[in-house]
Amino acid sequence: MTGRPIGHRRLSRRRFLAGMGAAGLGAVGLGACSSVADRRTYDLGDGSRLRMLNWAEYIDSGGPNDDDPYYAGGTLATLADEGLQVDYVEDYLDNIDGFRKVIDEAVTPDVPEWDIVVPTNWRAAEMIANKWAEPLPIEIIPNHVNIDPAYLTNSWDRGCRFQMPWQAGITGIAYDPALTGRPLTSVSDLLDPAFAGRVGFIGEMREAVGLMMLANGDDPSRPTRAAADAALDDIADAAASGQVGAFTFNEFADLLAAGDLVAAMAWSGDVAILQNDRPDITFVIPEEGAVQWFDTMVIPRGSQALAAAGRFMNYVYDPVNAARITEWVSYISPVMGVQEELLRRGGASAELAASTVLFPDETTRNRLFTWGGLDSADEEALDERYAALVEGS
Amino acid sequence: MTTPVTNPPPPQPEALTPREAPLPPTPASSIKTGGAGLGTSGLLQRWTILVPVLIAATGALGVVGGFLLQDTARTTSDSTAPALIEVQDLFASVAEANAAATAAHLSVSASGDEDRASRNLYLDALRRANEQLTVVSADIGRVGDTDTSEVIRTDLQNIAASLTVYAGAVEAARVANINNLPGADDQLRAALSVVDAEIGPSVASLTEAARARYDNEAGRASTLVGLAIGLGFATLGAMVWIQYRLALRVRRVVNIFLALATLALIGFLAVLANGLLVRQQALNDASDGGYDAITASARMQEATFGLQSQLGFLLLEETRPQDPNEIVGQLIAEADDGVETIVRTADSDRELAAADALNVRWGRYRAVALDVSSMSGPSRSGDAVAVFQGEGLSSFNGVNTAIESVLSDNRTQFTDGVTLARSAVERLPWWNLALAVLAGVLSIIGFQQRLGDYR
């Protein structure tokens, strides 16, 4: 036990998304680079040093300032004690510009700048499809067997041969009951004129469109271009009418806390952290359902530190270590045995274990939808259209 | 008028026939190789003709054999080997669809709501199965010149038809189930039976036929190439013998062209033998190291899928079968054997890791399967259904994807071997042709040489 407050994370998994206008650039113009992927790296390296790029505040942190990822007893410090120095950088800003940077580095030089990056599932799928990812060195990751089978059946990487999920989350609705004056239960509640100008929509296209598709009775896990366009039309109408006060990423938490927004499409983990200070803020999975996603560890092609990457992955897939990370980041752990470990710890940890947001039961799981994906041209068109909405807001 | 005077042509050395061959002690400069005047001129003259013919025959056999090796290696690499693997993937997809369809069906009965994740898994797996069937058909279904073709075509047709029937039965069961109409369980049972009674055996037959084709392709042309090598060695012996006799007769002078022809023939034989051996070794390695493990994985898949299917049957039964655990126990024993074989035959760290992971995931599913089996009946048990569609489906997917991982590693080993076999013979016929022509031409020139031309 760290003794730190559970869910102690002031910033979010994602920061402000700069340059949404560059949407789709990660995929555009890189197809010709796939031949680079023919080169394979078999040298696992000495396993002593690792360069990892992750989202902000997405690992257990502590120390005097409560935000030191190298704090004694934490994941990174423990690994350093065991001979694995992790150069950990929280600079993966988004799946657009951040991803493009990773890919530029992954496919152009012989050795990429990072040995582990943590893109969201759909971006990881793109990396794997384009052969921009190294196969995992599973021979040094015995804890690979602890991956929740729910993550093993993705058609783009069956059996998780190229990626290991880091954390998963839910995009639902957060609201301040005192300001709404009533419980919010549906996505359509966000379109209530009573909340005009004080509603936040999430900046990630797949999550906002997914939620709106659910409101329209469509299934975002099996999307069609027509259904996605219809959802985008609704969002555009809401933006044009002044219903949407802001398109946000993690800023929704500050805006909700300040009362600038009464309700917002929100990330489950960020709300959990906000609830440390504002327990009255409520997070709901709408009755139509919510969008689930996961960020996942990928080794860019050409990494010379496969052994180190494997050691790191193995460490964080030990349920004891994974439970500590869960306590800090408050997102859904893809590691089997974390819930049992939290229960074993008792106290506040055991309370976390009872959360259906962190550990969705069968009923809750049935209400979560992971974006199913369209072909790349359609996805790109939707990205561009949504980026225009976000920029125009 | 002047009569043109023409000079008589300068005397040309005559091409001697044995009967014209001068007898010793004719000056060596006027002796042709073929005549040699060794007192055995008839024999040597015959060799003069025979050796180029032997070289031509060897070359022809070798070149044809080389082309056959090349052709079969390409067929193996492009169609038979991929098909062998894809058939296993196809079966895995059908089994996954089957398990998910059963879980989705039972979820409606248990809670009134269809489990969406299971339904999506079913749809994805069915789509994948149809895509894989298309790929397999493209790979081996259209190759129509072997004995196995008819079997393969029939199996593919059966699988395609059965998949359609299966999907129809699942949809009928779903509609009936969601609308609470009678007969839903019977329709799902019918769907499960299609997999057990139609698709499973067809996949097994298809695998067997594809394997037979693989073995046939591995052995094809070997006899022809073996003959070429045998004949080549006989020719080589004859050439060496002739040169030895000539060396004795003309005191160690060397017929450069015959010597070069001999070297060309040795090169021909070396290239041919090397191509055959490397190809055979690569195919054997692919089979021993890769495909045999793939076969073990396939048996494991079969047992696991059969187990999941059997559990579905148990939960659909209104009355408890007489001894439901007998079949379950048998399938578990088969899968146990499969895991043990896979772990034992793993021959690299990576394969061993995948095999260990399979062992762990199989252990989890095994425990759940035993739980469900012991809980089910005499009529459908809510607890058993909950375990089956929750932890059961989850752990089944875990073991299924773990088998796929094992398959993936072995498939790499298998395809690498097949690719090596192909590359070993890719340029073989052209090298053979070039060296055979070279040896033939050099031998003909060599036999036209006079001893005076010797060095």
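Naming convention: chains lettered A, B, ... in sequence-line order (proteins, then strands); numbering from 1 in each chain. These numbers come from a predicted model, not from an experiment.
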Quiz item: Which residue out of B:L352, B:D115, B:L121 racks up the most heavy-atom pairs below 4.5 Å with chain A?
Solution: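 Maximum pair count with chain A is reached by B:D115.
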Quiz item: When heavy-atom pairs shorter than 4.5 Å are enumerated against chain A, which of B:S394, B:G390, B:S395 gives the highest number?
Solution: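 Most heavy-atom pairs within the cutoff with chain A belong to B:S394.
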Quiz item: Is there a donor-acceptor pair under 3.5 Å between the side chain of A:N366 and the backbone N or O of B:E114?
Solution: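 The answer is yes, because a donor-acceptor pair under 3.5 Å joins these two groups.
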Quiz item: Backbone N or O of B:T401 within a donor-acceptor pair of the A:R158 side chain at under 3.5 Å?
Solution: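 A pair under 3.5 Å: no.
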To the nearest 0.5 Å, what is the distance between [atom1] on [X] and [atom2] on [Y]?
| X | Y | atom1 | atom2 | answer |
| --- | --- | --- | --- | --- |
| A:R365 | B:R116 | CZ | CZ | 11.5 Å |
| B:R119 | A:D219 | CZ | CG | 11.0 Å |
| A:I138 | B:E351 | CD1 | CD | 10.0 Å |

Contact origin within [X] toward chain A - heavy atom pairs under 4.5 Å:
| X | value |
| --- | --- |
| B:R350 | both |
| B:A402 | neither |
| B:A354 | both |

Quiz item: Side chains of A:T153 and B:D124: does their closest heavy-atom pair fall under 4.5 Å?
Solution: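 Sidechains of B:D124 and A:T153: no contact.
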Quiz item: Does some side-chain heavy atom of B:S348 sit less than 4.5 Å from a side-chain heavy atom of A:E139?
Solution: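 SC-SC contact between A:E139 and B:S348 ruled out.
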Which atoms of [X] are under 4.5 Å from chain B, going by heavy atoms: the side chain, the backbone, both sets, or neither?
| X | answer |
| --- | --- |
| A:I147 | both |
| A:N154 | neither |
| A:F369 | both |

Exercise. Just give me the residue among A:S221, A:A150, A:G372, A:S155 that pairs up with chain B most often, heavy atom to heavy atom, under 4.5 Å.
Key: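 That would be A:S221.
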Quiz item: Do you know which of A:T370, A:T363, A:L368, A:D148 has the most heavy-atom pairs with chain B at a distance under 4.5 angstrom?
Solution: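 Of A:T370, A:T363, A:L368, A:D148, A:L368 has the most heavy-atom pairs under 4.5 Å with chain B.
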Quiz item: Closest heavy-atom contact between A:V145 and B:R364?
Solution: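 Heavy atoms only, the tightest pair is O-NH1, 2.7 Å.
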Quiz item: Do other residues, nucleotides or ligands put more than 12 heavy atoms under 6.0 Å from B:E426 CD?
Solution: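 Check passes, neighbour count above 12.
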Quiz item: Heavy-atom count around B:D349 CG within 6.0 Å, excluding the residue itself: above 12?
Solution: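 Incorrect, the count does not exceed 12.
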